[in-house]
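These notes concern the structure reproduced below.
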Amino acid sequence: MINPLKGMKDLTFDESQRFVHIITTASTIAKRYGYSYIETPLLEQTALFKRSVGESSDIVGKEMYQFIDKGKNDVCLRPEGTAGVVRAFVSAKLDRQPLKYKFYYYGPMFRYERPQKGRLREFHQFGCESFGEGSVYEDFTIISMIKDIFDALGIGYDIQINSLGCPACMPPYRDDLVAFLSNIKEELCDDCKRRIDTNPIRVLDCKNKSCQAKLTDSPKLLSQLCQECDSDFEKLKKLLDDADINYSIDTNLVRGLDYYSKSAFEFVSNEIGAQSAIAGGGRYDKLVEFLDGKPTPAVGYAIGIERIMELVTMPKVEREGIYLGAMSQEAIDMLFPIASRKRQEQKVTVEYAPKGLKAHLKSADRAGAKSIAIIGEDELKDGKIWVKDLETKEEKVITIKEF
RNA sequence: GUGGAUGUAGUUCAGUUGGUAGAGCACCUGUUUGUGGCACAGGUUGUCGCGGGUUCGAGCCCCGUCGUCCACCCCA
């Protein structure tokens, strides 16, 4: 038996229904916010992710499905969605238009990691990217959209926000932080010691409690933001307050990807194991230029489908369609013209084997049909069909033509 | 990459100090030979993950291997 690869999963029945429900709900809401669908390749040049996600990130450093294809191209299965959408945006030269573009997408992402709860090697994201809008109103609007989606899906969450600064205020802060961390280096965990050189900002969200204790007096970026970043962050908080959206400020919230600046936010759930982030995003005003486009402000987010899968409250399933069957072999063929006609407007299940009435009723019940129509011996004789509504239990015998 | 659990029927799991497998659910049949969901009765289903070892004998003990789950790292 051939099983799926490690960290890859088939979705069927309840799970696939949940998947579809999540995608349709999110898509519907994204469209209301003015977003249109974009589909980009799953396979891209490795250079795209190195330049956008950043070589210092674990994603690029050790988690990519990277290989050389038959044309000797260095390629990767996409580990996240934003890079591809930005590349598509630049490839289509939309950066030369003085217009705003908003795209939503969904699909599989790939990261070569050890699977655990809420983390797969092939997983799915639903995401949105808004280009050309530098206003913090857009950051707020995007957070509202995610809220609408989770509310529609019946998912509970907490929102955490932070500001990551911009090229004007982040580098000086980073230097201050490195200086601070270097002083207490010996008291930090081994990972953090390493991070001081590789990615000092990451020390801030170390899960190690003793490290966290040492960080209470660390320099805070929020108090060193430049004037623009500071006023944008204040505005974002006010907008959220005015909209009655609850949030907490997490100064240690660091997005895992290098391209974020200014607003960063995360939606978390405490019901799904160690991987608590169910959506994350933020502003990335410099990424379009990094990928050879004209400077274009942008903001976006992604939702982890698998992480919210079991949190979703599904709409009640209603009985639907007709179950068609016959009790004798000679009547089976008569079912197909009926099925064909009925399928123009509703779901039809045809049972090809002749069975007793009881067996048919059981099958119809299991198929979730709303009604059952059977040609039995009696009906066969005078061109009729027996029809029963499985909910109201009303039944009648009518001519096939009439049905 | 590191650590901890675990692998027995379609599924969830039991299986005592080693004596070659069992329950619930599901499924099929019947009670009701033309009336579903409920109830009752009966029935089908297994390379006990795989490979080796110990033993008269291994689902159980030992070694290896593969898979799964959970956690770390990191992230959606």
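Sequence lines set the chain letters: A, B, ... in the order given, protein chains first and strands last, and positions in each chain run from 1. Side-chain atoms are counted along with the backbone in the values below, which use heavy atoms only and exclude waters and symmetry mates. None of these values were measured; they are calculated from a predicted model.
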Taking NZ, NE, NH1 and NH2 as the nitrogens, is one of them in D151(A) or K147(A) under 4.0 Å from a carboxylate oxygen of the other?
-> yes
Return the value, rounded to whole Å, for the distance between atom NZ of K6(A) and atom P of C70(B).
-> 12 Å
For D232(A) and Y137(A), does a side-chain donor sit closer than 3.5 Å to a side-chain acceptor?
-> no
Interatomic distance at P, C69(B) relative to U16(B), whole Å = 27 Å
Annotated protein contacts, base or backbone, on nucleotides 27-37 of chain B with a non-hydrogen cut-off under 4.0 Å, one of B, S, - each | SS---B-BBBB
Between D176(A) and Q224(A), do the side chains contain an N or O donor and an N or O acceptor separated by less than 3.5 Å?
-> yes
Is R78(A) reaching over with its side chain to a backbone N or O of L42(A), donor-acceptor style, under 3.5 angstrom?
-> no
Base, sugar-phosphate, or nothing for A364(A), non-hydrogen atoms under 4.0 angstrom?
-> nothing
Check the distance between A71(B)'s P and L120(A)'s CG and give it to me in whole angstrom.
-> 12 Å
Within this structure, what is the CG-to-P distance between D10(A) and G67(B), rounded to whole angstrom?
-> 17 Å
Between E133(A) and K100(A), is the closest basic N to carboxylate O distance under 4.0 Å?
-> yes
Find the distance F110(A):CZ to A76(B):C1' and express it as a whole number of Å.
-> 14 Å
Sticking with atom C1', work out how far U11(B) lies from U17(B), rounded to a whole angstrom.
-> 32 Å
